[in-house]
Amino acid sequence: AHLFERVWELGDGNPLFTEELAAAGGRAERLGSPRLRDLIGARITNLPPDAQDVLRVAAVLGRGIDLRLLTAACPHDRTAIDEAMQRGLDEQVLVRASDRNASYRFRHELVRSVMAEQLGAFEARAAHSACADALEARADVDPSEIAYHRDAAGDDEAALRWHARAGLDTDARHAYVAALRHYERVLELLEASIEGEAVIGASRQRILQRASTAAARAGMHDRAIELARRSLAITGDDELAELVRSRLRWYLWEAGRSDEALDEARRAVSRTYPTGSERWQANATAHLAGLLLVHDEIEDAREHAETALRLAQAAGATEEEVLANGIIGGCLLLEGDVDAGIGRIDQALEAARRIEEEDARLPADRLDDRRFPVGVVLASTQLAGAYEVADRPDDAIRIAEAGYLRAAEQGVARTYGATLRATTARAMYRAGSWSQALATIEAALREGASGSGRVSLLAISALIHAARGAALEADEAIRLAEED
């Protein structure tokens, strides 16, 4: 799939380009085919030398051509640039673009790639540096774009500063994969910088924590666990270490490593907490209660959840109070008191909504104060499940779909959202709405459902196909679930 995407990106639908790229394995650096090089070279050499110079600079900056940035980065004047654009159109190297920031674009990514290779390293770095300067002067600064150009210019200190800022910016917009890339680049740059932590106003320990959170929200739980453990290996900020320990337990659970999560929770509860750390004691106790509940140790789970609730109330720890109440609700359900369980979880959901409303008002530089995991989404998952236990499928679907919309808003539709979609599909299946259930499952899988939610979706799909007598489809769904 990756090779196909790379070939399509570079060949851009051109049959001859696509054929040659496929033979080269989709790698631009292996485009030594005389036939292909001659074709691209013919287009380029038909351009006047000044136009070639301008377009090589443009090619380094990207496929779309922002004339304001090109003017800043190019040694030629605006008249020469305009003439180069016209010649590029005439020779079918460029096309007009309607993008807000681009007046022209390269017709083929492959042509752009070849032209970019022709610009010398010094000239390329200078172009990126000038481009970054121009971007920084704009009112609507895009930290990710500036970080890219500072990196390409070889300005490590500025790149470090802008990648750190871009990480927070993309994180705040729930673009977690992009945020993780920025944070990991920050970590790389910190390795070579003596004053790097002072430059970005954050410790390596903090960046590792942010990276682990972004990885988890992107559904990359094993990576999140690795980054969290690297953060815990650094001493200095005890409060931050408590936060990371708390999140590590969630990451382990989300990764399907519940036994490890349970061991971590037991160790955390057995520790002695200093005065002022009651919140974290409540947090660890609530996590232990939740993990015991998952392991069907209901009596012990209820006892620890009640203890966590008392600790949370004494510490004024609202989030831990919500967590404990949700777990108590789950215990009540399994003990047979369905109405009381639903009531307790419903209260937890309302409290989680209030907390997230407060979090939403925090600026990007207070991102570390925001909660993980996503409270409303988790409480919605619990409440929808409770309605399933109570045989109230319509209510289960209503809560699950509302929770899914919240998951999509927060960028976790593939992970937490997949679990909610599985709840919806299961409730539809039990209500006899098999076609709707399959449509819900197919939509969630198309959207990239991952983790335990994906497995649940496939399991429900297998049940429905088996019930319909579609043995081949049922077997395929089981095979895919087992692969995960």
Practice item. Quick one: list whatever passes side-chain contact (heavy atoms from CB on, under 4.5 Å) with T318, sequence neighbours left out. Key: I355

Study note, to complete from the structure: Residue set satisfying side-chain hydrogen bond (donor to acceptor under 3.5 Å, both in side chains) with E197, at least two apart, ordered chain then number -> none

Practice item. Hey, could you give me the CH2/CD1 distance between W162 and I146, rounded to the nearest 0.5 Å? Key: 3.5 Å

Check your understanding: Mind checking whether W250 and H287 have parallel, tilted or perpendicular rings, split at 30° and 60°?
Key -> perpendicular

Point to revise | side-chain hydrogen bond (donor to acceptor under 3.5 Å, both in side chains) partners of D133, counting only residues at least two apart | key: R150

Exercise for review: Tell me, please, whether Y183 has R185 positioned over its six-membered ring: NZ or CZ under 6.0 Å from the ring centre and within 45 degrees of its axis?
Suggested key: no

For residues 289-300, which side-chain donor-acceptor pairs fall under 3.5 Å, sequence neighbours excluded?
residue, atom, partner, partner atom, Å
H295, ND1, L291, O, 2.8
H295, NE2, D259, OD1, 3.0

Point to revise | Side chain S231, main chain L227, donor-acceptor under 3.5 Å | key: no

Give the table of side-chain donor-acceptor pairs shorter than 3.5 Å for residues 234-241, with sequence neighbours excluded, one pair per line with atom names and distance.
residue, atom, partner, partner atom, Å
D237, OD1, E239, N, 3.3
D237, OD1, L240, N, 3.0
E239, OE1, W280, NE1, 3.3
E239, OE2, W280, NE1, 3.0

**Study point:** side-chain contact (heavy atoms from CB on, under 4.5 Å) involving A477 - partner list, sequence neighbours excluded
**Key:** S461, A462

Exercise for review: Would you check if there is a donor-acceptor pair between the side chains of Q209 and R206 at a distance under 3.5 Å?
Suggested key: yes

Exercise for review: Go through the structure and list residues passing ring-ring contact (aromatic ring centres under 6.0 Å, His included) with H221, not counting sequence neighbours.
Suggested key: none

Revision key, fill the gap. Those residues at least two apart in sequence (or on a different chain) that pass side-chain contact (heavy atoms from CB on, under 4.5 Å) with E321 are L309, A312, Q313, N325

**Study point:** Those residues that, when tested against E260, pass side-chain hydrogen bond (donor to acceptor under 3.5 Å, both in side chains) (two or more places apart)
**Key:** R257

Review point. Ring pair (Phe, Tyr, Trp, His ring centres under 6.0 Å): which pairs involve residues 124-146, sequence neighbours left out?
Key: H128-Y148, H128-H149

Exercise for review: May I ask you to decide if R279's main-chain N or O and E320's side chain share a donor-acceptor pair within less than 3.5 Å?
Suggested key: no

Review point. Excluding sequence neighbours, so at least two apart, what forms ring-ring contact (aromatic ring centres under 6.0 Å, His included) with Y176?
Key: H174

Show every donor-acceptor pair shorter than 3.5 Å between a side-chain atom in residues 436-446 and any protein atom, with sequence neighbours excluded, or say none if there are none.
residue, atom, partner, partner atom, Å
Q436, OE1, S433, OG, 3.4
T440, OG1, Q436, O, 3.0

